[in-house]
Amino acid sequence: MARRKKPAGAGGSAVVGIATVGVVVLIVRFVAAHPVASLVGGTLVLGAAIYGSVLWQRKRAREAQRAWQLEVARSQEIARYHAMAPDEFERALAFLCARDGCSQATVTGRAGDLGADVTAYAPDGRKIVLQAKRYGGTSKVTGPDLQRFGGTCFSVHGARVAAVVTTSAFTKQAQQYAAHHGIRLLDGAGLAAWAGRTEPAPWH
């Protein structure tokens with residue numbers, strides 16, 4: 001008569017079970033032999049666990065508070081740009097370029113500018129060409145917007161770094177075009193972070 005095979009892993013499970021029972025027995029015996037030491041040790045372990053939990057909860061609360069404060073600051077920052085006229089917005093971008101170490105930060109936006117609203121030179125000498133899109137919250141920068149800028153920023157204006165900066169957001173088509181052609185995008189949150197020095201400038 002053929003012997004029935006034991007299920008795979010059955011032996012290992014039995015060993016683990018026996019070891020667990022042995023550990024429990026040792027703990028029970030130690031507690032019975034040393035009740036005071038066990039009580040003190042258990043109290044210390046419980047206290048350490050509670051203290052660690054309190055510290056963790058406080059850390060989470062501080063992180064949430066910092067995140068909320070950052071979001072409020074960014075909302076207030078972008079609100080300033082929404083309130084600007086288009087030419088003021090372009091001057092504000094030129095100011096941010098100069099503030100962060102660029103030379104020859106110049107507003108070039110005018111009729112027939114072929115998409116270049118601000119030009120500057122990064123600290124390492126690369127030419128930066130920015131297009132400013134001060135849009136409302138419901139309007140987005142579209143793919144055709146990016147295509148028009150992409151057709152001139154490198155070939156006409158000689159940009160080493162080309163970026164579109166908006167107070168709003170970008171459509172998926174615009175994002176895809178920018179990614180394919182090496183154009184950097186800063187939406188409203190990115191602009192607020194750049195202005196607030198919590199994220200780097202678009203040429204980094």
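The distance from atom CZ of Arg134 to atom OG1 of Thr166, rounded to the nearest 0.5 Å, is 9.5 Å. Within the model, atoms SG of Cys153 and CD1 of Ile128 stand 13.0 Å from one another, a figure rounded to the nearest 0.5 Å. Residue Tyr81 holds its OH atom at 7.0 Å from CG of Leu93, rounded to the nearest 0.5 Å. We find the NZ-CH2 distance between Lys127 and Trp203 to be 15.0 Å, quoted to the nearest 0.5 Å. Distance CZ/Arg80 to CD/Glu88: 11.0 Å, rounded to 0.5 Å. Atoms CG and CD, from Leu186 and Glu199 in turn, are 8.0 Å apart once rounded to the nearest 0.5 Å.
Screening Thr119, Thr152, Ile183, Val161 for a side-chain contact (heavy atoms from CB on, under 4.5 Å) involving Val129 leaves a single residue, Thr119.
Between Gln147 and Gln173, the closest heavy-atom pair is NE2-NE2, 4.0 Å. Heavy atoms only, all atoms of each residue included: Thr171 and Thr142 are closest at OG1-CA, 3.6 Å.
Residues Asp100 and Trp194 have side chains that bring a donor and an acceptor to within less than 3.5 angstrom of each other.
For the pair Asp145/Phe149, no side-chain contact is recorded, criterion being any heavy-atom separation below 4.5 Å from C-beta on.
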Go through the steps for Leu146 and Val164 under the test side-chain contact (heavy atoms from CB on, under 4.5 Å), then give the verdict.
-> CA-CA 8 Å; Leu146 263 293; Val164 179; 3.9 Å; yes

